[in-house]
Amino acid sequence: MFEHRDARAAAKWVRFARHAAHYGLTIVHVVDVYQLAPNGTKAVITVYGDPQARDAWFWWDRVDVGTTLAVAFSSGYGPHSHRDDVIFVGSKMTGSGVYDRLSSRTLDRAQRHQIRSEAKQARPADEAQQATIAPTASA
């Protein structure tokens, strides 16, 4: 039962990543949320493939810690953090820049499925190698 749920989560991740790539969106992961406001959320994020944490402002949206998002963003000066590399998701005029989201639970299940799949693929080769090594060792 759990393996089927994990497989569905992995398929959802694949669709999510393809959707982001097709529309030129960036995948980000919410590490921390440190301010909720009527017009958006301040958070710390990482961009997929880059471990560096960055401040982000999500216009007109609420995001949760652990969520993975497909977003359209710009970067620039953050007047509150006084940093030049703040990510602004969406804008005051156009609205939210979040186009898709995966919960932390779905991402965990997809990762678990990937680990299990890789282990299953590695097992037959290991068993075949052990079968050829074992007779030699006992001879």
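For reference, positions follow the sequence shown, starting with 1. Predicted, not measured: the structure shown is a model, and the values here were computed from it.
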How many angstroms lie between [atom1] in [X] and [atom2] in [Y], if you round to the nearest 0.5 Å?
{"X": "D55", "Y": "S75", "atom1": "CG", "atom2": "OG", "value": "12.5 Å"}
{"X": "L69", "Y": "D64", "atom1": "CG", "atom2": "CG", "value": "9.0 Å"}
{"X": "F73", "Y": "R54", "atom1": "CZ", "atom2": "CZ", "value": "6.0 Å"}
{"X": "L107", "Y": "F16", "atom1": "CG", "atom2": "CZ", "value": "8.5 Å"}
{"X": "W13", "Y": "L102", "atom1": "CH2", "atom2": "CG", "value": "6.5 Å"}
{"X": "T67", "Y": "R62", "atom1": "OG1", "atom2": "CZ", "value": "13.5 Å"}

| A20 and A70: which non-hydrogen atoms are nearest, and at how many Å? | CB-CB, 4.0 Å
| task | Measure across P51 and T46 and return the closest heavy-atom pair with its distance rounded to 0.1 Å. | result | O-CG2, 3.7 Å
| query | Do R8 and K12 pass the side-chain contact (heavy atoms from CB on, under 4.5 Å) test, and can you show the C-alpha distance, the side-chain angles, and the key distance before you say yes or no? | reply | CA-CA 6 Å; R8 285 193 307 270; K12 191 171 185 177; over 6 Å; no
| request: Determine, stepwise, if the pair L25 / D100 fulfils side-chain contact (heavy atoms from CB on, under 4.5 Å). | output: CA-CA 9 Å; L25 302 172; D100 203 355; 5.8 Å; no
| task | Evaluate the criterion side-chain contact (heavy atoms from CB on, under 4.5 Å) for residue pair Q52 and D85; output intermediate values, then yes/no. | result | CA-CA 11 Å; Q52 179 184 355; D85 62 347; 4.0 Å; yes
Please tell me whether [X] and [Y] are part of a single hydrophobic cluster in this structure, the criterion being side-chain heavy atoms less than 4.5 Å apart.
{"X": "Y99", "Y": "V63", "answer": "no"}
{"X": "Y34", "Y": "F58", "answer": "no"}
{"X": "V65", "Y": "V71", "answer": "yes"}
{"X": "V31", "Y": "V33", "answer": "no"}
{"X": "L36", "Y": "V86", "answer": "no"}

| request: Quick one: sort the W59 and W57 rings into parallel, tilted or perpendicular, breaks at 30° and 60°. | output: perpendicular
| field | Sidechain-backbone polar pair: T41 side chain, D61 backbone, donor-acceptor under 3.5 Å | value | yes
| request: Report the C-alpha distance between H19 and H22 in whole Å, list the side-chain angles of each, state the deciding distance to 0.1 Å, and finish with yes or no for side-chain contact (heavy atoms from CB on, under 4.5 Å). | output: CA-CA 5 Å; H19 173 82; H22 179 76; 5.8 Å; no
| field | Among R112, H113, R109, the one residue meeting side chain to side chain donor-acceptor pair (under 3.5 Å) with D6 | value | R112
| said: Could you go through T68 and H29, starting from their C-alpha distance and side-chain angles, then the distance that decides it, and tell me whether this counts as side chain to side chain donor-acceptor pair (under 3.5 Å)? | reply: CA-CA 4 Å; T68 300; H29 184 76; 3.0 Å; yes
